[in-house]
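Please read these numbers as outputs of a predicted model, since none were measured by experiment. Convention: sequence-line order gives letters A, B, ...; per-chain numbering from 1.
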Amino acid sequence: GQQVMQIPQYQHVQEGEDFTTYCNSSTTLSNIQWYKQRPGGHPVFLIQLVKSGEVKKQKRLTFQFGEAKKNSSLHITATQTTDVGTYFCAEARVGGADGLTFGKGTHLIIQP
Amino acid sequence: NAGVTQTPKFQVLKTGQSMTLQCAQDMNHNSMYWYRQDPGMGLRLIYYSASEGTTDKGEVPNGYNVSRLNKREFSLRLESAAPSQTSVYFCASSEVRYEQYFGPGTRLTVT
């Protein structure tokens with residue numbers, strides 16, 4: 001079945017350092033969504049990318065969708081303790097209504 | 001608006017017991033979903049409902065049944081719980097191909 005691979009599994013950074021997580025697929029993705037889950041919480045939607053080469057920014061967060069639509073990345077500039085959590089990428093399949101296929105997530109751990 | 005609500009928040013079952021997880025949304029979304037989250041596995045789709053009156057299997061449906069009671073409510077039933085079903089269960093809703101809104105989750109332990 002289709003798979004969305006996400007790396008790294010864990011990332012330790014010092015507060016103020018940058019952070020990047022990558023999402024890769026062997027097949028062309030129809031779209032990519034990014035979610036954040038705080039420890040003990042539920043996934044919260046961050047953004048959706050649809051177009052080849054798309055780049056979107058939300059304050060310190062930058063999201064990119066590859067030109068071939070087979071990879072995506074989330075970059076956080078100057079991490080803060082509020083950024084702690086697990087970041088997931090997910091694909092909504094072509095049909096749309098049949099759920100998301102999630103990557104396994106990247107756990108961001110920030111040391112003050 | 002409450003968004004997506006789930007009950008119960010926590011549950012402990014013995015092997016072989018049955019239970020129903022409840023989910024409701026007040027955003028008038030057509031699509032609803034059940035996922036399970038296990039350590040190191042991300043979220044995996046159990047069942048989904050594209051609209052009232054329809055349900056379909058996701059990636060890991062074995063051992064579960066669902067009911068889309070009306071547009072607001074989507075329940076997940078474990079007929080005979082097994083330790084392998086120990087997990088955190090999330091319900092979500094959305095409009096097609098848009099962001100999904102997740103409930104707070106049910107933490108289920110089967111002993």
Inset, instruction - Using atom types as modelled and distance alone, determine if a side-chain donor or acceptor of B:Tyr101 lies under 3.5 Å from a backbone N or O of A:Val44. - result: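 Not a single qualifying donor-acceptor pair exists.
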Legend entry - chain A contacts, top residue of B:Leu45, B:Asp56, B:Val88 (heavy-atom pairs, under 4.5 Å):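 Winner by heavy-atom pair count: B:Leu45.
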Legend entry - Distance-only polar pair, side chains of A:Gln33 and B:Gln100, donor-acceptor under 3.5 Å: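 No.
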Legend entry - Residue A:Leu46 versus chain B: region with a heavy atom under 4.5 Å: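 Contact with chain B involves no heavy atom of A:Leu46 at all.
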Inset, instruction - Could you tell me which portion of A:Gln6 (side chain, backbone, both or neither) has an atom closer than 4.5 angstrom to a non-hydrogen atom of chain B? - result: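 The answer is neither part of A:Gln6.
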Inset, instruction - Drop me the distance from B:Leu43's CG to A:Thr101's OG1, to the nearest 0.5 angstrom. - result: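 The distance works out to 11.0 Å.
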Legend entry - Part of residues 103-111 of chain B lying next to chain A, heavy-atom separation under 4.5 Å: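 Checking residues 103-111 of chain B against chain A gives B:Gly103, B:Pro104, B:Arg107.
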Inset, instruction - Kindly say whether the aromatic ring centers of B:Tyr35 and A:Phe102 come within a distance under 6.0 Å. - result: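 Yes; A:Phe102 has its ring centre under 6.0 Å from that of B:Tyr35.
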Say whether [X] and [Y] are linked into one hydrophobic cluster, either directly or through other cluster members, by side-chain heavy-atom distances under 4.5 angstrom.
{"X": "B:Val4", "Y": "A:Tyr35", "result": "no"}
{"X": "A:Tyr87", "Y": "A:Tyr22", "result": "no"}
{"X": "B:Phe74", "Y": "B:Ile46", "result": "yes"}

Inset, instruction - Check the surroundings of atom CE in B:Met27: do more than 12 heavy atoms from other residues, nucleotides or ligands lie under 6.0 Å from it? - result: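 Yes, because the 6.0 Å sphere around CE of B:Met27 holds more than 12 heavy atoms from other groups.
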Inset, instruction - Under 4.5 Å heavy-atom distance to chain A, tell me which part of B:Gln37 shows up: side chain, backbone, both or neither. - result: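 Only the side chain of B:Gln37 comes within 4.5 Å of chain A.
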Inset, instruction - Give the member of A:Pro43, A:Gly41, A:Gly103 that has the highest number of heavy-atom pairs under 4.5 Å with chain B. - result: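 Between A:Pro43, A:Gly41, A:Gly103, the count favours A:Pro43.
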Inset, instruction - Mind running ring pair (Phe, Tyr, Trp, His ring centres under 6.0 Å) on B:Phe102 and A:Phe45 for me, showing each step along the way? - result: CA-CA 9 Å; B:Phe102 285 80; A:Phe45 175 82; over 10 Å; no
Legend entry - Residue-level interface, residues 104-112 of chain A with chain B, non-hydrogen cut-off under 4.5 Å: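 A:Lys104 fall under the 4.5 Å cut-off.
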